[in-house]
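What follows is a set of notes on a single structure, which appears directly below.
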Amino acid sequence: MNNRLLKALLRQPVDRTPVWIMRQAGRYLPEYRKIRAEAGDFMTLCSTPELACEVTLQPLRRFNLDAAILFSDILTIPDAMGLGLYFSEGEGPKFKKTIDNANDVKKLIIPDPADKLAYVADAVSLIRKELNGKVPLIGFAGSPWTLATYMVEGGSSKTFAKIKGMLFEDPASAHTLMSKLADSVAHYLNAQIEAGAQAVMIFDSWGGALSTSHYKTFSLAYMQQIVDQLIREKDGEKIPVILFTKGGGMWLPEIANTGCDAVGLDWCVDIGKARQQIGGKVALQGNMDPAIMATNPEVIKQEVSRILADFGHGNGHIYNLGHGITPNITPDNVAALVDAVHDISAQYHV
């Protein structure tokens with residue numbers, strides 16, 4: 001098996017820097033758009049293991065990536081809690097029900113992954129079988145704070161006014177909500193690990209919208225609660241954990257202190273300085289600006305070279321974008337990125 005990713009996550013020696021891309025299975029691929037149209041809607045695509053498996057494997061057929069990541073959505077947990085997830089064309093995810101008060105929080109039931117989320121574990125098992133050891137499989141979930149923003153706001157938000165109002169006006173309910181979500185995420189990720197995920201990642205997409213005080217209290221503390229519950233070894237192999245807070249560059253030491261194995265970096269962070277701060281404790285994942293993917297192979301290659309040089313010689317770097325790839329990207333540019341990482345990075349591992 002190509003196990004560069006797992007070795008790099010544990011800061012072990014590798015021959016080249018491993019590379020995978022957030023949202024690597026997605027709308028920039030014509031074969032994805034075709035299967036999405038055939039499925040009829042996004043949730044059918046997510047909840048049908050055979051379709052989720054096919055979409056997961058699509059980018060690996062095109063590109064020499066060092067990992068597969070489960071095709072799913074971070075909002076499967078709130079959906080399993082009974083909020084009714086749906087997707088409006090051009091508007092993103094929405095919920096039929098929202099969390100509006102303390103009573104709504106009290107009524108939330110932590111979902112059993114073997115029940116309403118069984119399709120995810122089934123997809124993981126199928127993907128592992130189809131990968132046949134080619135590359136490792138990453139499982140994932142959203143952070144409690146990020147999930148809560150959607151559950152309270154009812155969808156995407158620019159201001160997070162409702163959920164922030166809860167933090168200020170009813171912190172007890174906010175803590176109850178985050179705790180229930182932390183336990184739900186931990187059970188969910190452990191089910192993915194049991195089904196075959198070889199590393200797991202927690203996406204704290206909206207952590208950067210919080211003040212430092214609220215971030216530590218309502219986001220990081222509950223990611224810590226998850227990390228403390230996760231299966232960290234299975235069948236004699238370590239299961240690395242990646243934490244990624246978009247906009248979290250000012251809190252890197254605190255994130256690294258959770259006991260995670262790797263910290264994801266967005267493109268606003270200097271990876272060389274991040275390595276000086278926390279590279280002795282965790283691996284670093286990132287951190288190219290996704291906008292560069294809309295340029296051309298030469299510009300992409302130059303930026304790859306710069307980021308690899310900024311990280312420098314040695315191990316513990318997983319190359320990635322600083323956030324998900326956008327739908328308007330030509331696949332040729334992705335191939336240029338992957339090939340450039342492998343070609344250029346070899347000199348940093350001798």
Side-chain angles (χ1 to χ4, degrees), residues 1-20 22 24-25 49-50 52-57 59-60 64-72 74 76-77 110-142 182-203 223-244 256 258-264 281-285 315-318 320:
M1 181 178 80
N2 168 2
N3 60 357
R4 281 189 195 117
L5 174 83
L6 300 179
K7 285 185 172 183
L9 286 171
L10 298 172
R11 294 184 294 137
Q12 296 172 355
V14 290
D15 61 336
R16 287 173 170 78
T17 301
V19 54
W20 69 278
M22 287 185 273
Q24 66 189 24
E50 293 77 13
C53 176
E54 169 61 21
V55 171
T56 300
L57 298 176
L60 298 174
N64 189 26
L65 294 155
D66 293 295
I69 182 165
L70 165 70
F71 179 79
S72 187
I74 63 169
T76 51
I77 287 177
I110 296 171
D112 179 355
D115 183 16
K116 293 184 178 179
L117 292 165
Y119 64 88
V120 177
D122 290 344
V124 170
S125 297
L126 186 57
I127 294 163
R128 273 298 303 275
K129 180 181 176 183
E130 292 298 319
L131 283 172
N132 195 28
K134 181 181 178 182
V135 293
L137 174 62
I138 304 168
F140 74 93
D183 287 343
S184 298
V185 170
H187 298 335
Y188 181 58
L189 288 176
N190 281 339
Q192 292 183 35
I193 292 167
E194 292 287 5
Q198 293 152 284
V200 292
M201 180 166 171
I202 299 172
F203 285 86
M223 289 195 285
Q224 177 77 71
Q225 185 173 318
I226 296 166
V227 171
D228 290 345
Q229 296 182 66
L230 290 179
I231 296 167
R232 304 300 289 272
E233 187 171 321
K234 184 170 183 285
D235 299 330
E237 300 292 333
K238 290 187 177 180
I239 308 294
V241 177
I242 311 163
L243 297 189
F244 172 56
T258 59
C260 65
D261 299 286
V263 173
K281 182 173 289 188
V282 292
L284 301 177
Q285 179 176 278
N315 305 300
H317 182 202
I318 300 89
N320 208 317

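Computation of the quantities below employed the complete heavy-atom set of this structure, encompassing side-chain atoms and omitting hydrogens, waters and symmetry-equivalent molecules. Keep in mind the model is a prediction, meaning the values are calculated, not measured.
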Please report the interatomic distance [atom1]([X]) to [atom2]([Y]), rounded to the nearest 0.5 Å.
X      : Y      : atom1 : atom2 : answer
Glu237 : Leu6   : CD    : CG    : 8.0 Å
Ile226 : Cys260 : CD1   : SG    : 12.0 Å
Arg128 : Cys53  : CZ    : SG    : 12.5 Å
Glu54  : Ile127 : CD    : CD1   : 10.5 Å
Phe203 : Met22  : CZ    : CE    : 6.0 Å
Glu50  : Leu126 : CD    : CG    : 6.0 Å

request  = Take Leu189 and Val241 through the side chain to side chain contact (heavy atoms under 4.5 Å, CB included) test and state the conclusion after the steps.
outcome  = CA-CA 10 Å; Leu189 288 176; Val241 177; over 6 Å; no
query = Only one of Lys7, Arg232, Arg11 clears salt bridge (charged side-chain N to carboxylate O under 4.0 Å, His left out) with Asp261; which?
reply =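 Running salt bridge (charged side-chain N to carboxylate O under 4.0 Å, His left out) over Lys7, Arg232, Arg11 with Asp261 returns exactly one hit, Arg232.
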Where do [X] and [Y] come nearest, in terms of heavy atoms and distance?
X      : Y      : value
Ala141 : Val185 : CB-CG1, 3.7 Å
Lys234 : Ile193 : CD-O, 3.4 Å
Leu70  : Thr56  : C-OG1, 3.9 Å
Ile202 : Met223 : CG2-SD, 3.9 Å
His317 : Pro18  : O-CD, 3.5 Å
Asp66  : Leu5   : O-CB, 3.8 Å

query = Could you walk me through whether Val135 and Leu65 pass the side chain to side chain contact (heavy atoms under 4.5 Å, CB included) check?
reply = CA-CA 8 Å; Val135 293; Leu65 294 155; over 6 Å; no
request  = Show the numbers, then the answer: is there a side chain to side chain contact (heavy atoms under 4.5 Å, CB included) between Leu243 and Val282?
outcome  = CA-CA 10 Å; Leu243 297 189; Val282 292; over 6 Å; no
inquiry  = Apply side chain to side chain contact (heavy atoms under 4.5 Å, CB included) to residues Gln12 and Asn315 and explain how you reach the verdict.
reply    = CA-CA 6 Å; Gln12 296 172 355; Asn315 305 300; over 6 Å; no
ask   = Ignoring hydrogens and geometry, is there a side-chain-to-backbone donor-acceptor pair from Gln192 to Val120 under 3.5 Å?
value =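 Looks like no, no N/O pair under 3.5 Å.
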Gln24 side chain vs Ala67 backbone, donor-acceptor pair below 3.5 Å =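 Side chain of Gln24 to backbone of Ala67: a pair is present.
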message = What I'd like to find out is whether the side chain of Gln285 reaches to under 4.5 Å of the side chain of Phe244, using heavy atoms alone.
response =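 Contact flag for Gln285/Phe244 side chains = no.
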query = How about Val200 and Ile242: do any of their side-chain heavy atoms sit closer than 4.5 Å?
reply =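 No, side chains not in contact.
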Is the closest side-chain donor-acceptor distance between [X] and [Y] under 3.5 Å?
X      : Y      : value
Asp183 : Gln229 : yes
Asp228 : Gln224 : yes
Tyr188 : Thr76  : yes

